[in-house]
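Just below is one structure, and these are the notes that go with it.
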Amino acid sequence: MTPRTPRAGEDADDLDVEEALALVNDAARAHGDHAPGDRTHGDRPHGAPAPGAPAHRDGVDWAEARAIAERAPRRGGGHRTGYLTPVSLPLSSALGLTLAAPLIALTDLPSFDTSAMDGWAVSGPGPWDVREEGVLAGHTAHAPLTDGEAVRIATGARIPPDTTAVLRSEHGRTDDKGRLHATAATRAPHTVSHGQDIRPRGQECRSGDQLLPVGTLVTPPVLGMAAAAGYDTLTVVPRPRAAVFVLGDELLGEGLPHDGLIRDALGPLLPPWLRALGADVVDVRRVGDDETALHQALTQCEADVVVTTGGTAAGPVDHVRPTLRRLGAELLVDGVAVRPGHPMLLARISEKQYLVGLPGNPLAAVSGLVTLAEPLLRTLAARPAPEGYTLPLRDAVQGHPYDTRLVPVALRGDRALPLLYNGPAMLRGIAAADALAVVPPGGAKPGHEAELLDLPWASGGIGVCFT
């Protein structure tokens, strides 16, 4: 086939993946080599060149790029932890955040002896005379029981002094004289075990006990535990504030593409995805292909992380790098050895602000999100790293000769099914995917154990991760 030369400012990611691979294969065959997809690659690490591949390539190794993004806040802001300054928030606002202080019990739990069941509080051996007035949860303490006396009691109610045990409703009966008898078949008549069905004070914890450590993700049960332990507010790491700047004059906000204009797919895609990664999206705007407009938008932005789309190459309207130079930003990652998305970048604009530059092609932008934005936001929010795992690929995946590939996959039982429509400009594959498979340089054969990166909605559910 006839090679196609990229136009000025066009990145190789803009070429069709299969076309680019075919060019590589044709060149390899011309030299008498096997095509990269025909090789057996064994356990070659991510980013290691395929046999015969050029020794030099553009961009940071994919795994190293993720590590740089993860540790960037620890090295730039003078904070050993790297996370944002903790704040005190009411329980109703703390869901999904991370504890910045340990959760210490402010009281004994339970704070008094309570009934674990509905039934009777009894004193001594039975049968028992039953008081007329019962004991309900939330009411003041009742007079002590005398030996041979019982009183009706509700679950959670405070145990009267001198109570021997609680006799469950289903384990007792009253006779025609109103006397209570134990009827449980597992016990001798008229007896109960001392302390049965009573939750003693401090059974769960004592005041001053550490209930949860720093770094715990605040889930609904954590909120319940905090409330039970006496908290009205929690000290947590706030969500990083994120701004999204969608760059380009060719983008439409609505309607069908026409006259060289295309629909903006990243404006709807990025904000909810960033929220799923723990960010508070405070600004979403369109910025035209104008360096002055981009510079003004960045200098006026107060977000912790700015995410831009497009403009990361070296064409006449690619203004991200020139603007970063003008701002005196520190370029931490300038290109990554990953397909799609290798012209992505990460920069530190100031001690407290970062920019993640995503390519303009949709799947390439997704690649940048999981490679750079996810680990950066995770550190800023003090979120724990997701547990890594692998699954065997059901089908072969053709690889790039010397870069890692991120390929959308669907999870089918104990295997990962690579999906079609995985070119840099395509969203059809990722829209049906559960995860991204990390494919090493040169590709992978069926049965290859691929590292998987879960997509937020696949692991947490739409209603959980996008709120």
Side-chain angles (χ1 to χ4, degrees), residues 88-92 94-95 99-174 179-184 186-236:
S88 180
L89 293 178
L91 299 186
S92 59
L95 181 65
L99 290 181
L103 193 70
I104 305 297
L106 303 179
T107 181
D108 296 344
L109 286 181
S111 54
F112 46 80
D113 293 348
T114 62
S115 176
M117 304 295 293
D118 290 332
W120 295 269
V122 299
S123 180
W128 303 271
D129 295 320
V130 181
R131 287 183 184 173
E132 290 187 7
E133 184 180 0
V135 180
L136 299 177
H139 287 236
T140 57
H142 282 242
L145 293 178
T146 59
D147 206 30
E149 191 177 25
V151 64
R152 266 287 186 182
I153 195 166
T155 301
R158 188 170 188 165
I159 295 294
D162 298 330
T163 296
T164 301
V166 169
L167 180 66
R168 300 185 185 190
S169 296
E170 61 269 27
H171 293 168
R173 64 172 179 83
T174 54
R179 304 199 77 198
L180 174 66
H181 300 261
T183 59
T186 56
R187 302 184 186 88
H190 314 310
T191 63
V192 291
S193 300
H194 192 279
Q196 76 181 42
D197 289 326
I198 294 176
R199 291 189 63 209
R201 176 174 181 165
Q203 182 185 50
E204 186 169 3
C205 67
R206 289 291 185 180
S207 179
D209 287 352
Q210 178 173 302
L211 304 176
L212 295 168
V214 170
T216 299
L217 188 66
V218 178
T219 62
V222 170
L223 292 175
M225 166 62 74
Y231 284 83
D232 299 317
T233 63
L234 289 175
T235 301
V236 291

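Both backbone and side-chain heavy atoms feed into the values below; hydrogens, waters and symmetry mates do not.
Residues V151 and V130 fail the side-chain proximity criterion, which asks for heavy atoms closer than 4.5 Å. The closest side-chain heavy-atom distance from V236 to L99 is below 4.5 Å. When side chains are defined from C-beta on, V218 does not count as touching T216, because their heavy atoms never get closer than 4.5 Å. T233 has its side chain out of reach of L91: every pair of non-hydrogen atoms, C-beta onward, lies at least 4.5 Å apart. Between V192 and V122, some side-chain heavy-atom pair lies under the 4.5 Å cut-off. In this structure the side chain of I198 never reaches within 4.5 angstrom of the side chain of S115, judged on heavy atoms. The shortest side-chain heavy-atom distance between L234 and L223 falls under the 4.5 Å cut-off.
Residues in residues 205-214 take part in these salt bridge (Lys or Arg N to Asp or Glu O under 4.0 Å) pairs, two or more places apart or across chains: D108-R206.
Under the side-chain contact (heavy atoms from CB on, under 4.5 Å) criterion, L106 pairs with Y231, sequence neighbours left out. With sequence neighbours excluded, the residues forming a side chain to side chain donor-acceptor pair (under 3.5 Å) with Q203 are R199, listed by chain and number. Residues satisfying the side-chain contact (heavy atoms from CB on, under 4.5 Å) test with D147, not counting sequence neighbours, are S123, P125. In this view, R152 satisfies the salt bridge (charged side-chain N to carboxylate O under 4.0 Å, His left out) rule with no residue, not counting sequence neighbours. Residues forming a salt bridge (charged side-chain N to carboxylate O under 4.0 Å, His left out) with D118 (at least two apart in sequence, or on another chain): none.
The minimum heavy-atom distance linking A150 with W128 is given by the pair CB-CB, 3.6 Å. The two residues E170 and T183 make their nearest non-hydrogen contact at O-OG1, 4.1 Å. Residue A143 comes nearest to P160 through the heavy atom pair O-CB, 3.8 Å, listed as atom of the first residue, atom of the second, then distance. In terms of heavy-atom proximity, A229 sits nearest to L211 at CB-CD1, 3.7 Å. Looking at every heavy atom in both residues, M225 comes nearest to L103 through CG-CD2, 3.8 Å. When every heavy atom of T155 is checked against every heavy atom of A116, the shortest pair comes out as CG2-O, 3.8 Å.
For R201 and F112, the positive end is not near the middle of the six-membered ring at less than 6.0 Å and at most 45° from its axis.
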| Chi angles and distances behind the side-chain contact (heavy atoms from CB on, under 4.5 Å) call for R131, E133 | CA-CA 6 Å; R131 287 183 184 173; E133 184 180 0; 5.8 Å; no

| request: Begin with the C-alpha distance, continue with both residues' side-chain angles, and end with the deciding distance and a verdict on side-chain contact (heavy atoms from CB on, under 4.5 Å) for L167 and L180. | output: CA-CA 10 Å; L167 180 66; L180 174 66; 3.9 Å; yes

| request: Take T163 and D113 through the test side-chain contact (heavy atoms from CB on, under 4.5 Å) and record every step on the way to the result. | output: CA-CA 10 Å; T163 296; D113 293 348; over 6 Å; no

| request: Test side-chain contact (heavy atoms from CB on, under 4.5 Å) on D129 and R179 and set out the steps. | output: CA-CA 5 Å; D129 295 320; R179 304 199 77 198; 3.1 Å; yes

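In this structure, M117 CE and R168 CZ are separated by 4.0 Å, a value rounded to the nearest 0.5 Å. In this structure, the separation between OG1 on T164 and CG on L145 is 8.0 Å, given to the nearest 0.5 Å. Summarising the geometry, atom OG1 belonging to T219 is positioned 7.5 Å from atom CG belonging to L95; distances are rounded to the nearest 0.5 Å.
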